[in-house]
Structures are given as structure tokens and as C-alpha cells.
Amino acid sequence: MTALELLTWARGPGLSIALAVCAFGILLRLFEIFGLGRKADLSRPRDHSPGSGWRTIVSRSLPPPGMVKQAPVTYIGGYVFHLGFAITLFFFVPHIELVRGLTGLSWPGLPTQLIDIAAVAGLLALIAVLASRLSNPVKRFLSGFQDYLAWLLTFLPLATGYLAFHHLLIDYTLALALHVLSVELLLVALPFTKLFHTVSVFVSRWYNGDIFGRKGVAS
Amino acid sequence: MAFDEPTIAEILRRQGISRRGFLKFCATTASLMALPPSMVPAIAAALEKARRPSVIWLSFQECTGCTESLTRSHTPSIEGLILEQISLDYHHTLQAASGEAAEAAREAAMRENHGKYLLVVDGSIPMGNAGYSTIAGVSNLDMLKETAAGAAAVIAVGSCAAYGGLPAALPNPTGAVPVSAIIKDKPVMNVPGCPPIPVVITGVLAHFLTFAALPELDDHGRPKVFYGESIHDRCYRRPFYDQGKFAETFDDEGARKGWCLFKLGCKGPVTYNACATTKWNQGVSFPIQSGHGCIGCSEPGFWDMGPLYKPLSMPIAPVQMMVGAAAAGGAIAGAAMAMRNRAAKKSAQAAHQKVTVEDLEKAK
């Protein structure tokens, strides 16, 4: 199999399978989560707490006072990675073309130099948070196989994309094929690992904020 | 190769090529092949002294486009002269002889230059039924094996000979295979392209005459000097790709301004060839310069590598139906799971036994 054949498989059957598994998994988990139901809360809600869920969506996305100083790698690394990843994912023209091919939707892209900076920032942040996870005994104790798997599955698309774009180490066609395949791996794993937070993050933040609001904990 | 035959330099002079023109050709060839300038005299000396190289050209399952590309240049070039008038002992399209006389010419060239002649092949070889393609009643496979046996090296010209090309495109009705699938005991060099750039052929020929060996090849058997870099990397429109400026259609403002053709399906990023540097028609232009994206014709199996007009990052096949069905399946499975969870909760509630203080007292 040549690199171009691998790329063709990745763009054809590979992508179909990955997207199908991802869609199946996301719907399965959403129905399962929402179908669980909650016990009826018979107690009277404490204080007045409307909008507590919505406020939590915002407040939990910001670092609590003093925490940036206490855990700078976790917070700054987290922000830089998520922003870098999002910019690379949504504003690199070939990525927009992929979305256009799938949905018909498109929007203007950014110059590749900016994408390059975002991707490098994302990669460096990922390396920093992994180093911190490994060196900090508490973080290491709390980390399981899934945490490292999620890290690897996120790192690979960025790394292979970077290699492909800059023609580093391996032939471009092969690098592009590996890049597409690594994204497909990410898509397949997304619904069934902690990566599902991509879909569930704001739902769970809203729920936590709302339930704690009812119990009298201000958000 | 009889020694009373004129040398290449003599033949060129007879054709009206000046020494200045000849040296210019040698310098161009050296630079094209990424050889140091000090090699120019060596090439000139080798070509001057070289007797007529014998080239046998076999055409199998092909469209003659490769020959057209090589011979229909606007003005006769030194490249064209070296190949057409100096070297060729046998070529269906170009030779005057036909029938038995033509085959006799091939056999004579093979006999006289045994072990020294270059065999050029264009077109793929059908393995399905020998009758799919024959020449003078001889199957392509037999003729290739017979002619390759006495060749110094084999050059597979065009994507059909190099990779199977269009005849080998799915579903490959004739069982077409490239030259390299059959000839294993001789050096085989691929010069793919649909058609390939003429100067690549003559450059390789000049290399063979100067160094008595084929140039360095890549993983696909292509000369690295010509196929070492992608079209995208050498494309003059590359800055527009980097700036995010793309033509959206073939006649929009971006197209008129000469912006990048990636969104119109250009395969430049995954295609390795010299089009962007040597260009076509004596360096006049190449497809991207004339406003059409690269179709990747020098890559193996390019016919089956997805739609020509879809960007490289777009999916090849429609995925909406499959993804929709999978999502529906996921929803049904999720709903079933939720119902099962609820049923488990209900049965747990139903099985719950109430214990009163009296019961506990009694138990004492």
C-alpha cells in the first residue's frame, strides 16, 4: 500500500467509519445520560437560585481566585492548549474545506502563519501539562490509563498535522495520511473516553451549578 | 553500435545545432539533474564522444500521449533530436517501416546492441488475456520479456508503464500491470506522468550516456532529481496558500488574480514531479499556471485517488447517509439502554422492603 492509497482510504472508508462510530457513540451516550433521570428533590430549594446553572458554565470556565498562581501549568497550559487546538481545528482552510465537504457550511480561514503559531502553542502546552502530570505526585496518583490515552489521542493529530504542514521527518503524503488517521482515532475514541467532555462539558457544568444552587451553594 | 557511425555531436551539428546550443543543452541538463556546474564539460565530452545510443521503444496498453508529448514540441529541440532522430531503432508511431520490416528492425537492434540498448516502454501490460493487446501477433508480455532480456536498463515512460495507469484503474478489466511487476532482473526506472515531461526522458538519457548508469531513484523508482519535490512546494502560487487566499471557482476574482487552487481540488501537495520547475512547451507554462489544479498524474493509481475537483482534505465518498444511520442507531441503542436502566431502577424500588421500628423490635 502506497502513502497515497493510505490517504485515499483515510479520506474514504476510514473517515466514514470514524464519523459513523463517533455519531453512534455520541447519541448513545447522550440518550443514556439524559435517560438516567434524577431522583425527585423533595426538599424546598435553598434561597433563590435561578440561573445558577448558567452562571456556573461561565464561572467554572474561569480560574478561581489565586489558583492560577498555585497551579499555573494546569490553568495556563489548559487555556493555551484548548485555544490553540480550537484555532487550528476551526480556522485552517483545509479543515474548513472538510466541514464544507461534510455539511456545506464554511467560513473564512486564517493565514497559515497564525495557524502555525496556534498549533505550536497547543503542542507545547500539551507537553507542559503532561510533564506536570508526571512530575506532580498528586496528579500522577490521580491519573489513569484513560488520561494518558486522551492526551495521546489529542497530541497525535496536532503533531502529525504539524509534521505534514512543514514536511518534517516523513514524506508529506504519508504525514497527511497519518494525520487524517490520527483524527479518525480521536473521533472513534471521543464518545467512549473522557474526551466526551467535548460534548458534555457545558451540560454537566449547568447541572452541577443548578443542583448546588438548589442546595444553597452559591455559584 | 558500429564505430563508423557518427557521434551525437556530429549528428547534432548536421542538424544545424551550434556548439553553443549544444553546450547550453549540456548546462541545462546538468542543472536540471542537480549536478554541479563542473559536470557540464563531462556531460558535453561524454555526449560528444558517444556513439548513437540504441533505444527500442515498445508501446503496449497506452494512448500514444507520451509519444505525442515528446515529439510534438513547438520547435524541434535538442531533446527531441536526441530521442527521435538519433536514438530510436524501433517505435511503432515514429518509424517508417511497418509489418515484418518493423519487427526485423527491432530484432536487428536487439542482436547488434545486445546488453547495451535502452528499452523504453509506454503503456501497461495486460495479464488477463494475452489477446487483449498484441503486436505482430506477439503478446505484450512475451515481447516485453524478450526485449528486456538484452537491455542494459528499462525506462517505463508514462504512468501506465510505471504504475498501470488508466488501464489498471478500477476495475482493471485487462489485469493491467506496470513494467516493474514483470521485469525484476534489470534496472527499471519509472518516468511517470500522463504524459511525462519530455526533458525528463532526455535528461535521463544524457545521464545514462555520461555516467553509464541510471540516476538515483526514489521509493517509486523515479529519478529523484525530477521527482524529489512536490508540485506544491515549488508552486509559484504557494504564497497564496500560506496567506489563505484561494480561488473558489474557476472564474471568480481569486482565479483571475491567480490565487491558490487547493479548494478546486489541486493535488499539488501530494504530487511529486518537476512540472512547477521545468514546466512544459519549452518552459512556457504548466497546468497550475494556466489556471487548473494539478491532478496528480505522476502518482501511483491517481485515477482511483478520489475526485479530481475535491480538495485534498474533503471526504472522497458521501458520508452523510452512513453517519445519519449511525446516529439513528446510536439514539435507538441509547434509548434502549436508558429504558433498561429505568427498569432496573424501578425493580430495585419495587424490591425495596420497608423496615419499621416494630419489625426491628420484633427481631430482637
Side-chain angles (χ1 to χ4, degrees), chain A residues 2-5 7-37 39 91-103 106 108-116 164 167 171-174 176-177 179-180 191, chain B residues 163 218-220 229-230 232-233 238-246 248 260 262-263 265 267 269-272 296 299-302 304-307 310-342 345:
Chain A
T2 65
L4 193 57
E5 281 168 341
L7 175 63
T8 308
W9 187 87
R11 285 174 67 201
L15 185 70
S16 297
I17 294 167
L19 284 172
V21 171
C22 185
F24 177 89
I26 287 177
L27 267 291
L28 175 89
R29 300 249 1 231
L30 283 179
F31 268 79
E32 192 192 355
I33 291 167
F34 290 125
L36 274 176
K39 243 187 194 167
F91 293 100
F92 187 44
V93 170
H95 296 166
I96 301 171
E97 284 304 291
L98 170 68
V99 177
R100 188 164 73 93
L102 290 171
T103 63
S106 75
L110 284 175
T112 49
Q113 286 86 348
L114 293 181
I115 302 295
D116 200 22
H167 294 216
D171 163 67
Y172 175 79
T173 313
L174 182 62
L176 186 61
H179 175 61
V180 178
Chain B
Y163 308 130
D218 70 4
D219 293 345
H220 292 311
E229 284 183 276
S230 73
H232 186 58
D233 278 352
R238 176 64 187 265
F240 295 115
Y241 174 87
D242 290 332
Q243 289 163 25
K245 290 177 176 169
F246 297 92
E248 306 279 341
C260 177
F262 179 87
K263 286 189 178 182
K267 304 292 180 289
V270 294
T271 306
Y272 293 79
E299 292 302 311
F302 82 100
D304 296 321
M305 297 303 163
K310 269 198 175 183
L312 265 175
S313 59
M314 266 197 183
I316 284 171
V319 295
Q320 285 85 347
M321 278 289 285
M322 192 168 166
V323 172
I332 293 166
M337 229 159 166
M339 276 161 70
R340 204 202 63 178
N341 289 342
R342 289 194 157 213
K345 217 153 99 179

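The basis for the numbers below is simple: all heavy atoms, side chains too, and nothing from hydrogens, waters or symmetry mates. Below, chains carry the letters A, B, ... as their sequence lines are ordered, and counting in each starts from 1.
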statement: dist Met322(B):CE -> Leu15(A):CG (nearest 0.5 Å) comes out at 10.0 Å
field: Portion of Lys345(B) that has a non-hydrogen atom of chain A nearer than 4.5 angstrom
entry: side chain
statement: Closest non-hydrogen atoms of Arg11(A) and Leu312(B), given as atom of the first, atom of the second and distance, are NE-O, 2.8 Å
task: Heavy-atom distances under 4.5 Å only: say whether His179(A) touches chain B with side chain, backbone, both or neither.
output: neither
message: Using side-chain heavy atoms (C-beta onward) and a distance below 4.5 Å, is Pro315(B) in contact with Leu98(A)?
response: yes
task: Counting only heavy atoms closer than 4.5 Å, note whether Tyr241(B) contacts chain A via side chain, backbone, both or neither.
output: both
Considering only distance and modelled atom types, tabulate donor-acceptor pairs under 3.5 Å from the side chains of residues 16-36 of chain A, sequence neighbours left out.
from     : atom 1 : to        : atom 2 : distance (Å)
Ser16(A) : OG     : Gly12(A)  : O      : 3.3
Arg29(A) : NH1    : Pro191(A) : O      : 2.8

query: When heavy-atom pairs shorter than 4.5 Å are enumerated against chain A, which of Ala335(B), Gly329(B), Gly334(B) gives the highest number?
result: Gly334(B)
- request: Could you have a look at Gly244(B), Pro318(B), Ala327(B), Ala338(B) and say which one has the most heavy-atom pairs with chain A under 4.5 angstrom?
  value: Ala327(B)
field: Shortest non-hydrogen contact between Gly306(B) and Thr8(A), atoms and distance
entry: N-CG2, 4.4 Å
field: Structural part of Leu7(A) lying under 4.5 Å from a heavy atom of chain B
entry: side chain
- prompt: When only pairs under 4.5 Å are counted, which of Met339(B), His220(B), Gln320(B) shares the most heavy-atom pairs with chain A?
  reply: Gln320(B)
task: Please flag which part of Asp304(B) lies under 4.5 Å from any non-hydrogen atom of chain A: side chain, backbone, both or neither.
output: backbone
- line: Nearest heavy-atom approach of Pro300(B) to Leu4(A) is O-CD2, 4.0 Å
field: Donor on one side chain, acceptor on other, Tyr272(B) and Asp171(A), under 3.5 Å
entry: yes
task: Indicate the atoms forming the closest heavy-atom contact of Val93(A) with Lys263(B), along with that distance.
output: CG1-CE, 3.4 Å
message: For Glu97(A) versus Pro311(B), what's the shortest heavy-atom pair and its separation?
response: OE1-CG, 3.3 Å
- line: Looking only at heavy atoms, the pair that brings Met305(B) and Glu5(A) closest together is CE-CG, 3.4 Å
- prompt: With a 4.5 angstrom heavy-atom cut-off, which part of Asn341(B) approaches chain A: side chain, backbone, both or neither?
  reply: side chain
